[in-house]
Structures are given as structure tokens and as C-alpha cells.
Amino acid sequence: MWRNTRSGWGWVSIALHWLSALAIIGLFALGWWMTGLDYYSGWYNEGPWIHRSVGVLLLLATVGRLVWRLFQPTPHAEGGRFEALAAHLGHLALYALLLVALVSGYLISTAKGGGISVFGWFELPATVYGFANQAEMAGTVHWYSSLTLLVLAAGHALVSFKHHWLDKRLTLLRMLSARYARRNS
Amino acid sequence: MLTANTLKKTAAAAAITAVMLPFSQAQADSYTVDIEGNHAFVQFKISHLGFSYILGSFEDFSGEFNYDPENLENASVDFDVQVASLNSNHAERDRHILSEDFLDADEYPTATFESTGFESTDDNEGVVTGELTLHGQTQTIEMPVTLLGEGDDPWGGYRAGFEGSTTLVLSEFGIDMQKFPESMRELELYVTFEGIRQ
């Protein structure tokens, strides 16, 4: 039940998927809101602190998620060959945009060599820093990659609804419960 | 260690110096600020909400000056500062200071100072007057300066070094600090630099 099979996702993949979805939407909303905050807002320091901390946790979770994905079976894709290829490319783009958004965010906060404190529990040190305009350029990449990720994720959700209600496939249900991993395809 | 190679290099250096000497004497008062050796700093100090000070510096700039002790009224100095090189040891704060809220480095990437006059006030003391362009706005400012020292350096050059500071009222440069306390509406600009005579 923890592991994936060719017929469905295990609980580890399902949990990582939905926690990521929650974190991505939350980070985007928080990021949007906090960058417009006035200097005198009580959230001026707290908002970015939460955003950075959750972002680092999501980065670590995403690395773990990709490792799990690479070493676990991937449930077979439904639909035609073209549809399966398009789905595969779409998922690759989601992973790539997510990594770009996370890494570029990290590069903003660590641009001058300071690490990122994660809820005060531990600190992720800076690794690449000191480039001219690093924070500014990383900031631009962070904004556009996050925006594109959100748009693509919305498309991802819409397509899953189409598979569920119009195509009557198990695509969405397979991401909601690990019991489909037990069935033989 | 002395080797044939270093002797050759020393001889070559001496030959070059001999050739260059008349030229350097002809322009005895022209100096380039020692950027390569980083013997120059452009720093600022501004209050943080009246609690303490934020110190920062601009790390990428160039400068040159003319200074002849025998001809002080012709002393002059020019600086070009890359605004985006601002560093206050806090990446996100730096980004905020460089944003449209304050310096708007995208729109106004360079700050310049061009002196228009110099008045000697005492031994090794004087006041530089000049045009400071910051945030796209040019204002005439005065900066008291001190000659800290001059003379031969250990590497075959001749150096002169100065320091100066002045207070800038940010609103005069179109930087709106209205929502901040009175103490944050101006900052202290401090420069110290040494030049190598050309």
C-alpha cells in the first residue's frame, strides 16, 4: 500500500502529491500577498519567514518525491499514445517548473551568503551567492516560474476532471486512494 | 629569490618607468581611484525607525580626481556608482532598497558625482561642491573633505587619500520617505578613497 504498482499510486506518492499541491497553492497565495505588504504591517517579517520555511520544506520534500518517483514503478498511463506522451511531458514540465521556482526562491534569500532558517528548527546554508544582481534576477525567475507553475497546475487539475467525468477513467481516483495499486491491470 | 627571470622583469620595469616618467610628470595632479586594490569605499548610514542604524555600501564604482597641493582651486573629483551593487548584508533588504520603493535601480542604474568647485578651508581640509545625481535627480551638494595622506607607496606608485561625508535629504532626490519617521528621511554618505597618480 505504501509503494506504487503498475496499476496505481501508493500512499507515499499520494501523500507527497497532495501535500505539494497544498504547499504550492499556499506558497503562491502567501507570496503574492506578502510582497504587497506595507513595511508597517505586523506580517511584514512573519509572512516571508513562513514563506521561506515552507519553501525549503517543499524543496526537500520534492527532492525526496523525485527520488521516490525514479525508484518506484509508475502506474501505466491510460488513453492513446499521443495522450500518454502529452501527459508525460506535462508532468515533466510541472516538476521542472516546481524545481525552478523553489531553487530561484532559495537564491533570492541566500544571495548575500546568509542561510535560510526553517521555522527556527534548522538552517539551510547558502551555496551559490554573491553574483551581481543575483537577488533581482532570481526574483524575476521566481515570479515567472511560479506564475507559470500555477497556470499549468490549474490545467493539470482541469484535465484530471475531464478524465474523471468525461472519460470515466480512474486517473483522479488513483491519486486519491492507494487501493487501486492493489488491483491487477 | 633573485633569478635571471626576476632580474629581467626588474630591468624591464625600470625601462618602462624611465620612458613613462616625463609623461607622468606632465600630468602630476591626475589620480585614478584604486578600485583594483579596493582602497576606496562609498558607504551610507541611515536610521532604522529611530532604533539603530543600517550601514551599507556600494561595491561597484569608479572615480578619478585631480589634486595638486600647489593648485588647490583646480582640485576636482568625479565618481560613477553602480546603484545595484548596494550591499547591507541582507539580500532581501538590499532588493527592497533597490526596488521602486526607494532607489529604483532598474530605472536609475547609476549615481554620479561631478565636482564643480573646491574651497580649501584649512591645512588638509576643504569643501567640495558638486552635482550629485541619484534616483535620476541632480542636486548640488557640498561635502567637507580631509586629505588623509599622500606619498610614495611601497610598490612604485604615488598615492593620495581622502575622506569626506555629507548628509543627503532623500526627498530632494525624489525618494519618498513620508511614511517613515523623521530620523529616516536623511542619510549620511561617507566616502574614503585613495588614488594612484597617473
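Each chain gets a letter, A, B and so on, in the order the sequences are listed, and its residues count up from 1. Values below: every heavy atom of this structure, side chains too, minus hydrogens, waters and symmetry copies. What you are looking at is a predicted structure, and each value in this text was computed from that prediction instead of being measured.
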If I take atom [atom1] from residue [X] and atom [atom2] from residue [Y], how far apart are they, to the nearest 0.5 angstrom?
{"X": "A:R52", "Y": "B:E92", "atom1": "CZ", "atom2": "CD", "answer": "4.5 Å"}
{"X": "B:D94", "Y": "A:N133", "atom1": "CG", "atom2": "CG", "answer": "11.0 Å"}
{"X": "B:S88", "Y": "A:K112", "atom1": "OG", "atom2": "NZ", "answer": "6.5 Å"}

Decide if atom [atom1] of [X] counts as having more than 12 heavy atoms of other residues, nucleotides or ligands within a radius under 6.0 Å.
{"X": "A:W2", "atom1": "CH2", "answer": "no"}
{"X": "B:E119", "atom1": "CD", "answer": "no"}
{"X": "A:Y95", "atom1": "OH", "answer": "yes"}
{"X": "B:Y158", "atom1": "OH", "answer": "yes"}
{"X": "B:E36", "atom1": "CD", "answer": "no"}
{"X": "A:H88", "atom1": "NE2", "answer": "no"}
{"X": "A:F122", "atom1": "CZ", "answer": "yes"}

Can you say whether [X] sits under 4.5 Å from chain A via the side chain, the backbone, both, or neither, judging by heavy atoms?
{"X": "B:N87", "result": "both"}
{"X": "B:L49", "result": "side chain"}
{"X": "B:D60", "result": "neither"}

Practice item. Counting only heavy atoms closer than 4.5 Å, note whether A:A132 contacts chain B via side chain, backbone, both or neither. Key: neither

**Study point:** Residue pair B:A91 / A:A135: nearest heavy atoms and the distance that separates them
**Key:** O-CB, 4.3 Å

Check your understanding: In terms of ring plane angle, is the pair A:Y39 and B:F180 parallel, tilted or perpendicular, where the classes change at 30° and 60°?
Key -> perpendicular

Exercise for review: Just give me the residue among B:E59, B:K179, B:H90, B:Q82 that pairs up with chain A most often, heavy atom to heavy atom, under 4.5 Å.
Suggested key: B:K179

